[in-house]
Amino acid sequence: MPTESAALTLFYDGYCPLCVHEVTQLGKLCRDGQIAFVDIQTAHFASHFAHIDYQEANRILLGQRADGQILRGLDVTRYAWQLVSRGWLVAPLGWRWVRWLADPLYLWFARHRYRISGWLTGQQRCDNGQCRRD
């Protein structure tokens, strides 16, 4: 459950092996609870986060900054990696001349994330808690 002090609450798809891997990596780098990770596939998601549209969160990565601002897609990724002092890894995603291609590619990836996970990991989905953040 997110804490009030988190700079970012990141809403991720716990059924997606690649998504779980990414938040696990972020979690290992996260200090002092800067990022709170929320699996949108848990039973309590809708009751605890009624202000977050599940359909949108299942279509595109969502994050909420401490000031209440909602971030979407690669903006979430960039902010999260900045918080763990690795922003330089994803900084090009914010450059105007890269962004025009990166945003549509991200949306394509998000739409096909289970299939891509299958290609890369051999597992398309992690139903019933098969993928766990360590």
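Note that this is a predicted model, so its numbers are computed, not measured. Atom set for the values below is all heavy atoms of this structure, side chains included, hydrogens, waters and symmetry mates excluded.
Two residues are said to be in side-chain contact when any heavy atoms from C-beta on lie closer than 4.5 Å; Ile35 and Val23 fail this criterion. Contact of the Phe109 side chain with the Leu105 side chain is not registered, since no non-hydrogen atoms from C-beta on lie closer than 4.5 Å. Two residues are said to be in side-chain contact when any heavy atoms from C-beta on lie closer than 4.5 Å; Tyr12 and Val38 fail this criterion. You'll find the side chain of Phe49 stays beyond 4.5 Å of the side chain of Tyr54, heavy atoms only. Side chains of Gln124 and Ser117 form no contact here, defined as non-hydrogen atoms less than 4.5 Å apart. Using a 4.5 Å cut-off on side-chain heavy atoms (C-beta onward), Gln64 and Leu8 make no contact.
Listed by chain and residue number, Arg115, Ile116 satisfy the side chain to side chain contact (heavy atoms under 4.5 Å, CB included) test with Trp119 (two or more places apart in sequence, or in another chain). Scanning for side chain to side chain donor-acceptor pair (under 3.5 Å) contacts around Asp75 gives Arg78, Arg99, with sequence neighbours left out.
Side-chain atoms of His21 do not come within 3.5 Å of backbone N or O of Pro17 as any donor-acceptor pair. Looking at Asp53, its side chain does come within 3.5 Å of a backbone N or O of Gln55 through a donor-acceptor pair. Judged by distance alone, the side chain of Gln123 and the main-chain N or O of Gly118 form no donor-acceptor pair under 3.5 Å.
The CZ atom of Phe11 lies 10.0 Å from the CD1 atom of Ile40; values are rounded to the nearest 0.5 Å. Atoms CG and CZ, on Leu83 and Arg65 in that order, are 8.5 Å from each other to the nearest 0.5 Å. Summarising the geometry, atom CD belonging to Glu56 is positioned 10.5 Å from atom CG belonging to Leu61; distances are rounded to the nearest 0.5 Å. One finds the OH atom of Tyr114 at 11.0 Å from the CG atom of Leu18 (value rounded to the nearest 0.5 Å). For the atom pair CG of Leu120 and CZ of Arg113, the computed distance is 14.5 Å after rounding to the nearest 0.5 Å.
At a threshold of 4.5 Å between side-chain heavy atoms, the hydrophobic network of Ile, Leu, Val, Met, Phe, Trp and Tyr places Tyr106 and Leu101 in two separate groups.
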message = Apply side-chain contact (heavy atoms from CB on, under 4.5 Å) to residues Asp13 and Asn58 and explain how you reach the verdict.
response = CA-CA 7 Å; Asp13 179 1; Asn58 198 36; 3.8 Å; yes
message = For a side-chain contact (heavy atoms from CB on, under 4.5 Å) check, start with the C-alpha distance between Arg111 and Arg59, then their side-chain angles and the critical distance, and finish with the verdict.
response = CA-CA 7 Å; Arg111 193 170 42 255; Arg59 191 181 81 253; over 6 Å; no
task = May I have the step-by-step check of side-chain contact (heavy atoms from CB on, under 4.5 Å) for Thr9 and Leu62, ending in yes or no?
result = CA-CA 9 Å; Thr9 301; Leu62 293 182; over 6 Å; no
message = Before you tell me yes or no, could you show the steps for Asp39 and Phe45 under side-chain contact (heavy atoms from CB on, under 4.5 Å), namely the whole-Å CA-CA distance, both residues' side-chain angles and the distance that decides it to 0.1 Å?
response = CA-CA 7 Å; Asp39 181 353; Phe45 173 75; over 6 Å; no
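Between the side chains of Glu22 and Trp81, at least one donor-acceptor pair of N or O atoms lies under 3.5 Å.
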